[in-house]
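See structure below.
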Amino acid sequence: MTMPDQSGQPVPGQPPVGWIDLTIQGSHMTSNMIAPTALLNGHQMPTQYGRNVFPVPPGHWTVDMYTQWTWKFGRASMNFDVAEGQTVPVFYAAPFTTFNRGAIGHEKQSKPGLLGFLAMMAVLVLVVVGIVVAVS
């Protein structure tokens, strides 16, 4: 994907434009096999893990994000204004589990739900150890 012109100078004959620079943190190996879904003012946009740069007209924007496996989870949303020639950074991190909300902001986000994920893994290990001890 090409990078936007950062000069902020309008191109003659072109409508004014700004950019939403959406970074979806993680990868297919560390998050979900299906890339999270992004809605810009309610319109679904094609996304991939990493940087996604969308040219948008200046104005008020709402970015809604979610991840889907068997159901939608990791919902997160934010509102902001984009000025002509401005690039607005947005970062989204899907949660560790389907029981948590996602994290979204203008700076890199921590993945929510680590404590719950570790608790589930500890219970799983205890169950396996209990079965091994019971069979022995």
Side-chain angles (χ1 to χ4, degrees):
M1 186 170 279
T2 60
M3 291 298 301
D5 175 21
Q6 297 295 324
S7 68
Q9 300 300 318
V11 177
Q14 295 281 331
V17 68
W19 295 270
I20 296 175
D21 186 358
L22 172 65
T23 299
I24 299 176
Q25 298 171 207
S27 70
H28 295 291
M29 298 299 290
T30 62
S31 288
N32 191 342
M33 294 298 289
I34 302 168
T37 300
L39 302 172
L40 302 183
N41 282 355
H43 299 282
Q44 186 171 338
M45 304 301 288
T47 60
Q48 61 186 7
Y49 285 101
R51 287 185 75 197
N52 300 269
V53 180
F54 302 107
V56 296
H60 188 73
W61 286 88
T62 300
V63 176
D64 297 302
M65 300 289 303
Y66 65 86
T67 301
Q68 185 162 347
W69 191 247
T70 53
W71 60 82
K72 294 177 183 177
F73 65 96
R75 293 179 188 268
S77 182
M78 72 181 299
N79 299 302
F80 53 87
D81 291 319
V82 177
E84 183 177 341
Q86 180 185 23
T87 300
V88 177
V90 177
F91 293 84
Y92 172 76
F96 276 101
T97 69
T98 62
F99 307 109
N100 297 95
R101 294 187 58 78
I104 193 168
H106 292 297
E107 298 171 351
K108 190 171 181 183
Q109 301 293 303
S110 297
K111 241 174 128 72
L114 178 60
L115 185 59
F117 176 74
L118 293 175
M120 287 190 316
M121 292 298 107
V123 168
L124 180 62
V125 167
L126 291 174
V127 168
V128 170
V129 167
I131 291 171
V132 169
V133 168
V135 171
S136 301

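Note that the numbering runs from 1 along the sequence shown for the chain. The shown structure was predicted, so the numbers you read here are calculated from the model rather than taken from an experiment.
- The main-chain N or O of E107 is found under 3.5 Å from a side-chain atom of Q109 such that the two form a donor-acceptor pair.
- R51 contributes atom CZ, which lies 10.5 Å from atom CG of L22 (distance to the nearest 0.5 angstrom).
- Proximity of a side-chain donor or acceptor of N52 to a complementary backbone N or O of G50 within less than 3.5 Å is detected.
- The distance from atom CE of M121 to atom CG of L126, rounded to the nearest 0.5 Å, is 12.0 Å.
- Shown here for P112 and A94, the closest heavy-atom pair between the two residues is CD-O, 4.0 Å.
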Derivation of the side-chain contact (heavy atoms from CB on, under 4.5 Å) call for V53 and I20: CA-CA 6 Å; V53 180; I20 296 175; over 6 Å; no
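- Within the model, atoms CG of D64 and CZ of R75 stand 9.0 Å from one another, a figure rounded to the nearest 0.5 Å.
- Follow the hydrophobic side-chain contacts under 4.5 Å out from F96 and you never reach W69; the two are in separate clusters.
- Follow the hydrophobic side-chain contacts under 4.5 Å out from I34 and you never reach M45; the two are in separate clusters.
- A pairwise comparison of heavy atoms in F73 and P95 identifies CD1-CG, 4.0 Å as the closest pair.
- Residues P58 and A83 approach most closely at CB-C, 4.1 Å, considering heavy atoms.
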Intermediate values then yes/no, side-chain contact (heavy atoms from CB on, under 4.5 Å), D81 and W61: CA-CA 6 Å; D81 291 319; W61 286 88; over 6 Å; no
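- Rounded to the nearest 0.5 angstrom, S77 OG and R101 CZ are separated by 8.0 Å.
- Linking ILVMFWY residues whenever their side-chain heavy atoms come closer than 4.5 Å, directly or via other members, leaves I24 and Y66 in distinct clusters.
- Linking ILVMFWY residues whenever their side-chain heavy atoms come closer than 4.5 Å, directly or via other members, places V125 and V133 in the same cluster.
- Relative to the six-membered ring of F91, K108 misses at least one condition, a distance below 6.0 Å or an angle of at most 45° to the axis.
- The distance from atom OG1 of T98 to atom CH2 of W71, rounded to the nearest 0.5 Å, is 4.5 Å.
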Verdict with supporting geometry, V17 and E84, side-chain contact (heavy atoms from CB on, under 4.5 Å): CA-CA 5 Å; V17 68; E84 183 177 341; over 6 Å; no
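- T87 and D21 are not linked by any side-chain donor-acceptor pair at a separation below 3.5 angstrom, with hydrogens and angles left out of the test.
- Cluster membership for L39 and M78, using ILVMFWY side-chain heavy atoms within less than 4.5 angstrom, is not shared.
- With contacts defined as side-chain heavy-atom distances shorter than 4.5 Å, the pair V63/F80 qualifies.
- Closest of all the heavy-atom pairs between Y92 and G102 is CE1-CA, 4.1 Å.
- With T47 contributing its side chain and P36 its backbone, the two residues share a donor-acceptor pair below 3.5 Å.
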Derivation of the side-chain contact (heavy atoms from CB on, under 4.5 Å) call for T67 and K72: CA-CA 6 Å; T67 301; K72 294 177 183 177; over 6 Å; no
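- If you take CD1 on I104 and CD on Q25, they are separated by 10.0 Å, rounding to the nearest 0.5 Å.
- Not one N or O on the side chain of H106 forms a donor-acceptor pair closer than 3.5 Å with the backbone of V90.
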